S.K.: 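Please read through the structure below; I'll follow up with questions.
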Amino acid sequence: MVTLIVGSQWGDEGKGKIVDLLSANHDIVARYQGGANAGHTIVIDGKKYVLHLIPSGILNDGVKCVIGNGVVIDPVALTNEIKMLSDHGIDVSGRLFISHKAHLIMPYHKLLDQIRESSSSDKAIGTTGRGIGPAYIDKARRMGIRIVDLLDRQYFEEKLRYNISEHNKVITKVYGSDALDPEEIVETYLNFDKLIDPFITDTTTLLNNAIKEGKKVLAEGAQGALLDVDHGTYPYVTSSNPTSGGASTGLGVPPTAINRIIGITKAYCTRVGHGPFPSELNDQTGEYLRAKGAEFGATTGRPRRCGWLDLVALKYSVMINGIQEIALTKLDVLDEMDEIMVCDEYKIDGKPLKYFPVDLPSLNKIECNFKPVKGWNQSLKGIQKYSDLPRAAIDYFNIIEEFTGAEVTIVSTSPDRNDTIIKHK
Ligand code: GDP
Ligand code: IMO
Ligand code: MG
């Protein structure tokens, strides 16, 4: 049985918190795409952990964690994360399994990501600079270096030298930067191989066997549907498929194995980096949401752009992901509002739109129709039962449910693991 956790907006919806919570009832948690561009925050009894690559199930003893083939792995980020966990008394050995098919982020990927972004400010995406785009480009171009390639020193060295010579042409001739030295990189990666060797395995077989044995698997997505390279606000997207289809390819489990799909949704909207954001608030309310919601990136620390909940985009996300349930997070951020707005219709040049547009000129022209909704105007802190939630909060869920067709089954009222309400226990 596989339960899938997807971000339904532009990332940072609170996936880490919900995965951590649900992993207590699962045997395995598996990350299926993205890389260290992700920042998943978990707070347990006031102690905060930010994970970039290792699944958010690692803080639950006994839960196995898989980094699937669809993830692009930065050795530096991975080893830092293993150390961070070890400093907190969490030993990953025997619990962490990394796919031998996963691609590696190389130093030239990070360099290319950063120089491309800084060299063309009008074309910049506002990436995290973690080398994600260039690593997925090499994968699609069939020149990527996979973890399995580290096994054969001669093969790895040949491949790496060829890749560096190719990339150095662009680095030096197009961007005028210094060429990278292959010798240093070969040694660094072969040393890295020794460190991660105990974790490398055939995670596709591991997961499929576990599913056959009736084990419970939680698949953890990074980013969000609107950052999906196929379905998001292209070209202002990441370079992988955070949407539910990505879980199947990114883990090697068949789509038929996925039984339950939960879309993590912030009670309002945020976005980091550039690109269309129809319900964005460039005013005091936007600033209020940023301050009250502590909306600063978990990976880069950048301020997140904030806006009202966009029901049109959410409905699209529910459709493309097959979201059955919504985990609504950060409800507490709206606690002190008399009135909350939701975007329930898009218009372009005054004409209503019947679909979520795909092209950038249209996406940039969207005007949102905002519908006012009564706020609950009270603190939700300490509420543990769905039936104890104020009427106005339940009305807010009903609006979301009627518009999107998905049911709000989990409600989060603070960063802490304990402040979560499960509708059907
Ligand atoms: P992720 O990338 O989807 O895992 O989300 P992030 O961790 O990047 O961002 C979500 C932020 O909101 C983190 O700082 C969380 O600790 C915090 N958070 C999660 N749920 C809640 C909630 O219900 N209320 C509040 N106030 N903060 C929350
Ligand atoms: P989590 O998993 C929010 C954004 C970047 C940029 C775009 C492309 O924590 O929700 P990239 O570095 O991927 O090439 O950048 O995607 N982005 C995220 N935004 N949360 C994330 O991850 C993100 N990962 C990438 O800001 O706009
Ligand atoms: Mg995040």
Side-chain angles (χ1 to χ4, degrees), residues 5-21 31-44 46-53 55-56 71-72 74 105 109-110 112-114 116-117 124-137 220-229 232-240 242 263-268 270-277 289 291-305 327-335 379-381 410-421:
I5 299 295
V6 287
S8 71
Q9 296 156 321
W10 282 280
D12 302 327
E13 299 91 348
K15 296 175 291 294
K17 171 179 167 163
I18 303 298
V19 170
D20 166 63
L21 182 84
R31 245 299 280 284
Y32 59 85
Q33 47 66 239
N37 48 350
H40 296 179
T41 315
I42 300 160
V43 181
I44 304 167
K47 209 165 162 184
K48 180 171 152 178
Y49 305 82
V50 180
L51 296 167
H52 303 283
L53 280 167
S56 305
V71 177
V72 282
D74 175 6
I105 300 243
H109 294 141
K110 289 197 246 186
L112 283 166
D113 191 2
Q114 289 157 14
R116 267 180 203 152
E117 283 281 290
I125 304 286
T127 72
T128 57
R130 299 298 190 265
I132 306 300
Y136 280 114
I137 292 172
E220 175 180 8
Q223 290 82 51
L226 302 172
L227 287 172
D228 187 283
V229 68
T233 50
Y234 194 88
Y236 293 95
V237 292
T238 191
S239 299
S240 66
I264 315 301
T265 305
K266 216 175 261 191
Y268 47 97
T270 61
R271 167 161 210 164
V272 209
H274 310 313
F277 183 0
L289 290 172
K292 182 102 199 279
E295 295 296 356
F296 295 89
T299 295
T300 59
R302 290 178 292 175
R304 295 177 183 145
R305 298 155 64 192
L328 198 65
T329 61
K330 307 196 87 158
L331 211 63
D332 53 301
V333 176
L334 307 179
D335 276 357
S379 167
L380 302 178
K381 192 134 192 68
I410 301 173
V411 179
S412 169
T413 59
S414 102
D416 205 279
R417 193 194 251 180
N418 299 318
D419 291 321
T420 321
I421 301 156

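As the structure is a prediction and not an experimental result, all values here were calculated from the model. Quick note: residue numbers are just sequence positions, from 1. Remember, it's 1-based here, ligands and their atoms both numbered in the order they're listed.
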S.K.: At a non-hydrogen distance cut-off of under 4.0 Å, which region of D113 contacts ligand 2 (side chain, backbone, both, or neither)?
M.R.: neither

S.K.: To which protein heavy atom is atom 23 (O) of ligand 1 closest, and what is the distance rounded to 0.1 Å?
M.R.: S412 OG, 2.5 Å

S.K.: With heavy atoms of H40 as the reference, note each atom of ligand 1 found under 4.0 Å away.
M.R.: 1 (P), 2 (O), 4 (O), 7 (O)

S.K.: Side chain or backbone of R130 under 4.0 Å from ligand 2, or both, or neither, by non-hydrogen atoms?
M.R.: neither

S.K.: Below 4.0 Å from ligand 2: does a non-hydrogen atom of R271 turn up there or not?
M.R.: no

S.K.: To check your reading of the model: name the closest protein heavy atom to atom 13 (O) of ligand 2, its residue, and the distance in Å.
M.R.: T238 OG1, 2.6 Å

S.K.: Verify whether one side chain among Y268 and E295 offers a donor that lies under 3.5 Å from an acceptor in the other.
M.R.: yes

S.K.: Hey, is W10 touching ligand 2 through its side chain, its backbone, both or neither, going by heavy atoms under 4.0 Å?
M.R.: backbone

S.K.: For atom 5 (C) of ligand 2, find the nearest protein heavy atom and state the residue, atom name and distance (0.1 Å precision).
M.R.: G126 O, 3.6 Å

S.K.: Taking atom types as modelled and ignoring hydrogens, do the side chains of T265 and Q9 form a donor-acceptor contact shorter than 3.5 angstrom?
M.R.: no

S.K.: Starting from atom 4 (O) of ligand 1, locate the nearest protein heavy atom and write down its residue, its atom name and how far away it is, to 0.1 Å.
M.R.: G16 N, 2.8 Å

S.K.: My understanding is that we take every heavy atom of each candidate and find the minimum distance to atom 9 (O) of ligand 2. Doing that for P235, G39, S239, G131, which one comes out nearest?
M.R.: G39

S.K.: Quick one: do the T300 and R302 side chains pair a donor with an acceptor below 3.5 Å?
M.R.: yes

S.K.: Any idea which protein heavy atom is nearest atom 12 (O) of ligand 2, and the distance to it?
M.R.: T128 OG1, 2.6 Å

S.K.: Ligand 1 versus P415, non-hydrogen atoms closer than 4.0 Å: side chain, backbone, both, neither?
M.R.: both

S.K.: Taking atom types as modelled, is there a side-chain donor on R271 or T233 under 3.5 Å from an acceptor on the other?
M.R.: yes

S.K.: Counting heavy atoms only, name the option from Q223, R304, K330 that's nearest to atom 27 (N) of ligand 1.
M.R.: K330

S.K.: Could you tell me, atom by atom, which parts of ligand 1 come under 4.0 Å of a heavy atom of K17?
M.R.: 20 (N)

S.K.: Could you confirm whether K15 has any N/O/S atom lying under 2.8 Å from the Mg ion (ligand 3)?
M.R.: no

S.K.: Are D419 and S414 close enough that a side-chain donor and a side-chain acceptor fall under 3.5 Å?
M.R.: yes

S.K.: As an exercise, identify every atom of ligand 1 less than 4.0 angstrom from a heavy atom of G14.
M.R.: 1 (P), 3 (O), 4 (O), 5 (O)

S.K.: Do K17 and T420 have side-chain atoms, one donor and one acceptor, less than 3.5 Å apart?
M.R.: yes

S.K.: Ligand 2 and N37, any nitrogen or oxygen pair closer than 3.5 angstrom?
M.R.: yes

S.K.: Describe, in one word, how the ring planes of H274 and Y236 are oriented to each other, choosing from parallel (under 30°), tilted (30 to 60°) and perpendicular (over 60°).
M.R.: perpendicular

S.K.: Just do the side-chain contact (heavy atoms from CB on, under 4.5 Å) check on I264 and V19 with the steps written out, would you?
M.R.: CA-CA 10 Å; I264 315 301; V19 170; over 6 Å; no

S.K.: Side chain, backbone, both or neither: which applies to D332 and ligand 1 if a contact is any heavy-atom pair less than 4.0 Å apart?
M.R.: side chain

S.K.: Looking at R417 and D20, is any side-chain nitrogen of the basic one under 4.0 Å from a carboxylate oxygen of the acidic one?
M.R.: yes

S.K.: Report yes or no: does V237 have a heavy atom closer than 4.0 Å to ligand 2?
M.R.: yes

S.K.: H274 versus ligand 2: do any nitrogen or oxygen atoms come within less than 3.5 Å of each other?
M.R.: no

S.K.: Looking only at protein heavy atoms, which one is nearest to atom 26 (O) of ligand 2, and how far off is it?
M.R.: R302 NH2, 2.9 Å

S.K.: Examine T127 against ligand 2 and note whether any of their N/O atoms are separated by less than 3.5 Å.
M.R.: no

S.K.: Look at atom 18 (C) of ligand 2 and find which of T233, V272, L227 reaches it with the closest heavy atom.
M.R.: L227

S.K.: Identify the protein heavy atom lying closest to atom 23 (C) of ligand 2, giving its residue, its atom name and the separation to 0.1 Å.
M.R.: Q223 CG, 3.6 Å

S.K.: Tell me yes or no: between the side chains of T270 and D12, is some donor less than 3.5 Å from an acceptor?
M.R.: no

